[in-house]
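Written below as structure tokens is the structure these notes are about.
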Amino acid sequence: MNRLSAILPAPQVLVDVDASSKKRVFEHAGLLFENQHAIARATVTDNLFARERLGSTGLGHGVAIPHGRIKGLKNPLAAVIRLSQPIPFDAPDDEPVNLLIFLLVPEAATQRHLEILSEIAELLSDRDLRERLKTESEAKTVHDLIERWQPLKSVA
């Protein structure tokens, strides 16, 4: 099991979400975390935007890893949202984004947070897998692809 799949339950993988902007997709993620984990959606969106103001979390190739630190959170949480239409995201390659992997971590998380982000970046650097995640029609299949993926280095 990889670090991402350990914090990504199947109900937190959504495909073909209709969101026309970064603001709308962040609101969608906020609602998802509110419904699944009772974290106020405003807390989620505010933290995602605060991080985004430091620099875009868009990686290029149509993917982004929006993330934020949440006061009071006990363990990291993740969600995957794939949009029906790509949106502008200020990514380094100026490509619009349609695959977002959201990561919320406890306020004090440092090394673990970085390890999870690093592993997500490694997963998204696999071109074939990235393209499948961006095109697969079923949320369950997207979740299964992430769950089966193994990083190059062993998970501690």
Side-chain angles (χ1 to χ4, degrees), residues 2-110 112-121 123-124 129-147:
N2 59 64
R3 286 179 175 95
L4 176 58
S5 65
I7 60 171
L8 180 68
Q12 288 173 206
V13 176
L14 305 176
V15 299
D16 294 328
V17 170
D18 195 19
S20 56
S21 66
K22 193 183 288 192
K23 181 179 191 296
R24 294 284 177 253
V25 74
F26 283 10
E27 289 170 349
H28 205 92
L31 187 60
L32 178 66
F33 285 114
E34 183 176 78
N35 290 338
Q36 297 287 327
H37 300 282
I39 302 167
R41 71 182 87 172
T43 300
V44 174
T45 57
D46 290 352
N47 277 279
L48 293 173
F49 274 115
R51 168 57 189 86
E52 208 65 26
R53 280 191 290 280
L54 301 175
S56 176
T57 56
L59 299 183
H61 305 288
V63 298
I65 312 174
H67 53 282
R69 295 175 187 274
I70 306 293
K71 187 175 184 171
L73 190 65
K74 300 283 185 245
N75 295 297
L77 300 172
V80 173
I81 296 180
R82 197 184 67 226
L83 303 174
S84 54
Q85 296 295 316
I87 58 170
F89 216 88
D90 301 320
D93 63 359
D94 289 324
E95 289 283 319
V97 164
N98 78 323
L99 178 67
L100 300 99
I101 300 180
F102 289 88
L103 176 63
L104 302 182
V105 297
E107 196 172 38
T110 53
R112 187 169 180 206
H113 176 191
L114 296 175
E115 289 167 357
I116 296 167
L117 279 173
S118 171
E119 203 170 88
I120 295 169
L123 175 143
L124 292 173
L129 177 58
R130 183 178 65 237
E131 292 310 310
R132 287 197 64 197
L133 294 173
K134 288 169 58 178
T135 57
E136 188 56 56
S137 60
E138 298 292 323
K140 181 186 181 333
T141 307
V142 170
H143 184 263
D144 291 347
L145 287 168
I146 291 169
E147 201 168 56

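Predicted, not measured: the structure shown is a model, and the values here were computed from it.
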query = Does the side chain of His28 reach to within under 4.5 Å of the side chain of Leu14, using non-hydrogen atoms?
reply = yes
Taken to the nearest 0.5 Å, the spacing of Leu31 CG from Ile39 CD1 works out to 12.5 Å
Note to self: Walk me through whether His143 and Leu8 qualify under side-chain contact (heavy atoms from CB on, under 4.5 Å).
What the structure shows: CA-CA 8 Å; His143 184 263; Leu8 180 68; 4.1 Å; yes
Output for pair (Arg132 CZ, Asp144 CG), nearest 0.5 Å, gives 10.0 Å
Here the ring pair (Phe, Tyr, Trp, His ring centres under 6.0 Å) pairs for residues 52-81, sequence neighbours left out, are His67-His113
Would you tabulate the side-chain donor-acceptor contacts of residues 76-90 under 3.5 Å, counting partners in other chains and residues two or more places apart, or write 'none'?
residue: Arg82; atom: NE; partner: Lys134; partner atom: O; Å: 3.4
residue: Arg82; atom: NH1; partner: Leu133; partner atom: O; Å: 3.0
residue: Arg82; atom: NH1; partner: Glu136; partner atom: O; Å: 2.6
residue: Arg82; atom: NH2; partner: Glu136; partner atom: O; Å: 2.7
residue: Ser84; atom: OG; partner: Val17; partner atom: O; Å: 3.3

Of all heavy-atom pairs linking Ala64 and Gly58, the shortest is CB-CA, 3.7 Å
- Non-hydrogen side-chain atoms of Gln12 and Leu32 separated by less than 4.5 Å: yes
Rounding to 0.5 Å, atoms CG (Leu59) and CZ (Arg130) come to a distance of 9.0 Å
Before giving the answer on salt bridge (charged side-chain N to carboxylate O under 4.0 Å, His left out), spell out for Arg24 and Glu27 the whole-Å C-alpha distance, their side-chain angles and the decisive distance to 0.1 Å.
-> CA-CA 5 Å; Arg24 294 284 177 253; Glu27 289 170 349; 2.9 Å; yes
Distance col, row Thr45:OG1 vs Glu34:CD, nearest 0.5 angstrom, shows 9.5 Å
Q) Are the side chains of Leu129 and Leu145 in touch, meaning some heavy atoms are under 4.5 Å apart? A) yes
- Query: Given side chains that start at C-beta, do those of Ile116 and Glu119 come closer than 4.5 Å, heavy atoms only?
  - Reply: no
Looking only at heavy atoms, the pair that brings Ala91 and Ser56 closest together is N-OG, 4.1 Å
Tightest non-hydrogen contact, residues Phe26 and Glu52, listed as CZ-OE1, 3.9 Å
When every non-hydrogen atom of Val44 is compared with those of Ile70, the smallest separation belongs to CA-CD1, 4.3 Å
message: For Val105, is there any backbone N or O sitting under 3.5 Å from a side-chain donor or acceptor partner on Arg69?
response: no
In this structure, OG1 of Thr43 is separated from CG of Leu48 (nearest 0.5 Å) by 10.5 Å
request  = For the pair Arg112 and Asn75, evaluate side-chain contact (heavy atoms from CB on, under 4.5 Å) and give the outcome as yes or no after the intermediate values.
outcome  = CA-CA 10 Å; Arg112 187 169 180 206; Asn75 295 297; 4.1 Å; yes
Here the gap from Ile101 atom CD1 to Leu124 atom CG, rounded to the nearest 0.5 Å, amounts to 4.0 Å
Nearest heavy-atom approach of Leu100 to Pro66 is CD2-CG, 3.8 Å
